[in-house]
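Got a structure for you, questions after.
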Amino acid sequence: MAKQKPTIPKGTRDFSPEVMVKRNYIFDTIREVFQRYAYQPLETPSMENLSTLLGKYGEEGDKLLFRILNSGDYLAKVNEEDLRARDSQKLASVISEKGLRYDLTVPFARFVVQHRNEINFPFKRYQIQPVWRADKPQRGRYREFYQCDGDVIGTDSLLNEVELIQIMDDVFMKLGLNVSIKINNRKILKGLANYIQNPEKFMDLTMAIDKLDKIGHEKVKEELKQRGINTSAVEELDPFLNLEGKNYEKVEYLVNWLSDDEGSKGIGEIREILDYTGALELNNEVEFDPKLARGLDYYTGTIFEVKALDEDMGSICGGGRYDDLTGVFGLKDVSGVGISFGAERIYDVMEKLRRFPSKMLPAAKIMFVNFGREEAKHALKVLRELHEEGIKSEIYPDTAKMKKQMTYANNKGIEYVGLMGEDEISKQVITVKNMTTGEQKKMTLEELKELLAE
RNA sequence: GUGGAUGUAGCUCAGCUGGUUAGAGCGCUGGAUUGUGGUUCCAGAGGUCGUGGGUUCGAGUCCCAUCCUCCACCCCA
């Protein structure tokens, strides 16, 4: 057999122990905060039926779904004509019935509908699991990545939005990141489309405005025209595109400028949320950004986006309210709101800004040198006592050269090395070397326990 | 999905307009130091130059294809 190079699929990664402790630090922080606000844990399968996933993320999303080939003779049900016509679109749906989950929100909606009779609404859940997208990988974009979602479903109270803002604020405070929490309301964008007499161009308007940060006013206006909005209507947007100022100033301006019913409702909701959060003395700034759009088309009310202030990494957390996510699964009029932390991007930002605590790898406090069978026996007895005290400790597994064993302890960042040879065993002491200072002295087991206790 | 850049030792990279046995630093192994790591000194191992074709007397270097990674667009976390 030819030797093969070990590789992993494009866009996937191995996570070494050094990386895992940092990733877990992020996951643990997020999990702890969600639990503090009484969100309940949920997991769903990695794969869903394609009927659950298809058509939920737009045409683009369907293309990015990883499909799972049916087991067994998957060609059995294929009709000859399609096969001969090489119609891969048509064939795909016959030979594949399952796909890997694309996000956590749609499986959550499926779960809610499927278990509606067992769920006590309003239902608050958090979910930390990987998702898969057949995207072309780049920095900060992978084919397998984790999402950390929190949603509240079965209530349209804006208190949920406020709570989610607090959660985002808590998480990023704990992680030591300065962020800006941006909020907006899709109804304002709807109102805007109505205002310029192009209600059917709502999605085009949203997608163009979403690029404002990236490409600037003029290019956005160009794009709007390209998307079929006439020049005079685009010009009418000017005061909106130029809107700056403090949160309440923007709110007041829009109240007067945008008289449309839907728009007014959106502004009212923003005002209410700001009223609540303003009284909370949050650590991070909450900014009302009427130009915030977000592409996902199931959002209907509030939308959130969090950006790191000290590093340009795109959004590291986002979310919004959806009024009818469960509708496609047959459960109407259930409103929900949720957020999703982008763990991978948060990781990259924290790595860049060096915000991870140092010494994250869980190393033993003491390692015993292995001198041979008899000595190891004694070391094991000592280790047993240390383990009972909850002291992280280990013995080098092989009777290797001292140098090798010391190097291992040093590289692993172990604080102390314990030496117990014939001499120490007969005198009932342990020679303990401090790996930082290089000092070493003999001590009893009790003294060692005391030394390692703190 | 469209366009562009890249790929040389475990890691980070050098290698001029094609020319003999492909280099460095770090890391690794051994020794100086047989019960002492981190510093120092000495020695050593490790590469079918991403893969497959082609041009050439000769290819790490030029051409084509393919894969990976990166960058922009699309979209997104």
Side-chain angles (χ1 to χ4, degrees), chain A residues 2-13 16 26 30 57-65 101-105 128-149 203 206-208 210-211 214-215 219 223 293-297 299 304-308 313-320 338-349 367-372 375 396 399-425 430-442:
Chain A
K3 246 189 282 180
Q4 56 170 358
K5 259 191 199 169
T7 55
I8 52 175
K10 159 159 63 169
T12 65
R13 294 149 301 157
S16 67
I26 294 173
I30 292 170
Y57 310 104
E59 207 179 313
E60 196 69 29
D62 285 357
K63 271 194 267 178
L64 298 180
L65 279 174
R101 79 167 97 76
Y102 180 89
D103 71 357
L104 300 179
T105 309
I128 301 177
Q129 286 189 281
V131 302
W132 295 268
R133 294 180 190 179
D135 220 338
K136 198 161 167 177
Q138 273 182 42
R139 186 172 76 115
R141 175 187 290 189
Y142 306 97
R143 289 189 148 181
E144 178 184 58
F145 63 96
Y146 275 71
Q147 286 190 331
C148 314
D149 276 29
M203 274 315 292
T206 311
M207 281 159 84
D210 193 35
K211 293 182 192 163
K214 235 180 188 171
I215 63 176
K219 287 254 171 82
E223 178 152 347
R294 288 191 73 77
L296 282 178
D297 51 4
Y299 291 134
F304 306 104
E305 185 159 293
V306 178
K307 283 199 166 156
M313 184 55 81
S315 77
I316 54 176
C317 179
I339 53 171
S340 178
F341 290 93
E344 321 284 340
R345 285 185 181 177
I346 293 173
Y347 181 97
D348 289 347
V349 170
M367 183 198 87
F368 285 91
V369 170
N370 187 329
F371 285 116
E375 291 89 341
Y396 193 85
T399 314
K401 283 189 188 152
M402 267 290 268
K403 185 180 163 123
K404 190 170 175 149
Q405 302 194 37
M406 294 295 282
T407 305
Y408 175 82
N410 190 58
N411 290 346
K412 224 176 151 187
I414 292 167
E415 287 175 59
Y416 297 95
V417 166
L419 301 157
M420 274 194 300
E422 271 179 67
D423 191 40
E424 284 93 346
I425 291 169
I430 304 159
T431 298
V432 176
K433 172 159 183 155
N434 180 323
M435 294 298 277
T436 317
T437 63
E439 288 173 317
Q440 68 181 53
K441 55 181 173 188
K442 292 185 166 45

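Naming: A, B, ... by sequence-line order, numbering from 1 per chain.
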Intra- and interstrand pairs of RNA chain B - dot-bracket, Watson-Crick/G-U under 3.5 Å, | marks other strand: (((((.(..((((.....[...)))).(((((.......))))).....(((((..]....)))))).)))))....
Regarding K211(A), tell me which of base, sugar-phosphate or nothing describes its non-hydrogen contacts under 4.0 Å with the strands shown.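 Sugar-phosphate contact only - K211(A) comes under 4.0 Å of backbone atoms but never of a base.
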Partners meeting side chain to side chain contact (heavy atoms under 4.5 Å, CB included) with K10(A) (sequence neighbours left out):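 In terms of side chain to side chain contact (heavy atoms under 4.5 Å, CB included), with neighbours along the sequence ignored, K10(A) is linked to P137(A), R143(A).
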Within this structure, what is the CD-to-C1' distance between E344(A) and A77(B), rounded to whole angstrom?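 The answer, rounded to whole Å, is 8 Å.
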Please state the C1' separation for the pair G7(B) and C13(B) - nearest whole angstrom.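 It works out to 12 Å between them.
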Taking side chain to side chain donor-acceptor pair (under 3.5 Å) as the test, write out the residues that go with T431(A), two or more places apart.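 With sequence neighbours excluded, T431(A) shows a side chain to side chain donor-acceptor pair (under 3.5 Å) to E424(A), given in chain and number order.
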Derivation of the side-chain contact (heavy atoms from CB on, under 4.5 Å) call for I316(A) and F341(A): CA-CA 6 Å; I316(A) 54 176; F341(A) 290 93; over 6 Å; no
Could you tell me how far U8(B) sits from G46(B) if I compare only their C1' atoms? Round to whole Å.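 Here G46(B) and U8(B) have their C1' atoms 14 Å from each other.
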Only counting residues at least two apart or in another chain, list the ones meeting salt bridge (Lys or Arg N to Asp or Glu O under 4.0 Å) with E144(A).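 Counting only residues at least two positions away or on another chain, E144(A) forms no salt bridge (Lys or Arg N to Asp or Glu O under 4.0 Å).
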Can you tell me how far C1' of C76(B) sits from CG of L64(A), to the nearest Å?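 From L64(A) CG to C76(B) C1': 9 Å.
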Can you check the distance between G19(B) and U61(B), where both ends of the measurement are the C1' atom (answer in whole Å)?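 One C1' to the other, the span is 11 Å.
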Determine the Euclidean distance between corresponding C1' atoms of C68(B) and G50(B); express it in Å to zero decimal places.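 To the nearest whole Å, 7 Å.
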Under the ring pair (Phe, Tyr, Trp, His ring centres under 6.0 Å) test, which residues partner Y146(A), sequence neighbours left out?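 Ring pair (Phe, Tyr, Trp, His ring centres under 6.0 Å) list for Y146(A), sorted by chain: F27(A).
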Taking only the C1' atom of each, what is the distance from U39(B) to U33(B) in whole angstrom?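 Going atom to atom, C1' in each nucleotide, I get 14 Å.
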Please work out if S315(A) contacts a base, only the sugar-phosphate, or nothing of the nucleic acid, heavy-atom cut-off 4.0 Å.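 Sugar-phosphate contact only.
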Can you name the side chain to side chain contact (heavy atoms under 4.5 Å, CB included) partners of T436(A), sequence neighbours left out?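 Checked T436(A) against side chain to side chain contact (heavy atoms under 4.5 Å, CB included); matches are N434(A).
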Atom OH of Y102(A) and atom CG of D135(A): how far apart are they, to the nearest 0.5 Å?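 One gets 7.0 Å once the value is rounded to the nearest 0.5 Å.
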Do the non-hydrogen side-chain atoms of M367(A) and M435(A) ever get within less than 4.5 Å of each other?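 When only atoms from C-beta onward are counted, M435(A) and M367(A) do not touch, as no gap falls below 4.5 Å.
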How close do S340(A) and D149(A) get, counting heavy atoms only, and between which atoms?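 Looking at all heavy atoms of both residues, the shortest contact is OG-OD1, 2.7 Å.
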May I have the distance from D62(A) (atom CG) to G1(B) (atom P), rounded to whole angstrom?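 The distance from CG of D62(A) to P of G1(B) comes to 16 Å, rounded to the nearest Å.
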In this structure, how many angstroms lie between the C1' atom of A77(B) and the CZ atom of F341(A), rounded?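 Interatomic distance, CZ of F341(A) to C1' of A77(B): 12 Å.
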In whole angstroms, how far is the P atom of A77(B) from the CD atom of E305(A)?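 Roughly 9 Å, once rounded to whole Å.
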Quick check against the 3.5 Å criterion: does Q129(A) have a side-chain atom that pairs as donor or acceptor with the backbone of L104(A)?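 No, because the side chain of Q129(A) does not come within donor-acceptor range (under 3.5 Å) of the backbone of L104(A).
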Once each nucleotide of nucleotides 29-41 of chain B is scored for protein heavy atoms under 4.0 Å, what B/S/- sequence comes out, 5' to 3'? -SS---BBBB---
Tell me the salt bridge (charged side-chain N to carboxylate O under 4.0 Å, His left out) pairs involving residues 410-423 of chain A, sequence neighbours left out?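 Residue pairs passing salt bridge (charged side-chain N to carboxylate O under 4.0 Å, His left out), neighbours aside: E394(A)-K412(A), D423(A)-K427(A).
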I need the CD-C1' distance between E60(A) and U2(B), as an integer number of Å.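 Rounded to whole Å, this separation is 12 Å.
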Expected rows: protein N/O vs nucleotides 8-11 of chain B N/O, under 3.5 Å:
none

Filtered N/O pairs between nucleotides 68-72 of chain B and protein, under 3.5 Å:
unit_1 : atom_1 : unit_2  : atom_2 : d
C68(B) : OP2    : K10(A)  : NZ     : 3.2
U69(B) : OP1    : G11(A)  : N      : 2.8
C71(B) : OP1    : R139(A) : N      : 3.2
C71(B) : OP2    : R139(A) : N      : 3.4
A72(B) : OP2    : Q138(A) : OE1    : 3.4

To the nearest 0.5 Å, how far apart are CD1 in I26(A) and CD in E344(A)?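 I26(A) CD1 to E344(A) CD: 8.5 Å, rounded to 0.5 Å.
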What residues, two or more places apart in sequence or in another chain, satisfy salt bridge (Lys or Arg N to Asp or Glu O under 4.0 Å) together with K404(A)?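 Per chain and number, K404(A) pairs via salt bridge (Lys or Arg N to Asp or Glu O under 4.0 Å) with no residue.
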Under the side chain to side chain donor-acceptor pair (under 3.5 Å) test, residues paired with D348(A) that sit two or more places apart: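 Side chain to side chain donor-acceptor pair (under 3.5 Å) check on D348(A) returns nothing, list empty.
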Using the C1' atom in both, what is the distance from G18(B) to C63(B), to the nearest Å?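 Roughly 13 Å separates the two C1' atoms.
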Taking the C1' atom in each of G60(B) and G3(B), what is the distance between them to the nearest angstrom?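 Here G60(B) and G3(B) have their C1' atoms 27 Å from each other.
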Relative to the ring of Y408(A), is the ring of Y396(A) parallel (under 30°), tilted (30 to 60°) or perpendicular (over 60°)?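 Y396(A) vs Y408(A) ring planes: perpendicular.
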Length of the line joining R133(A):CZ and G1(B):P, which is rounded to integer Å: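 Whole-Å distance recorded here is 17 Å.
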Rounded to whole Å, please give me the gap between CZ in F304(A) and P in A77(B).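 For the pair F304(A) CZ and A77(B) P, the rounded distance is 15 Å.
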Between G38(B) and G47(B), how far apart are the two C1' atoms, rounded to whole Å?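 Comparing C1' positions in G38(B) and G47(B) gives a spacing of 31 Å.
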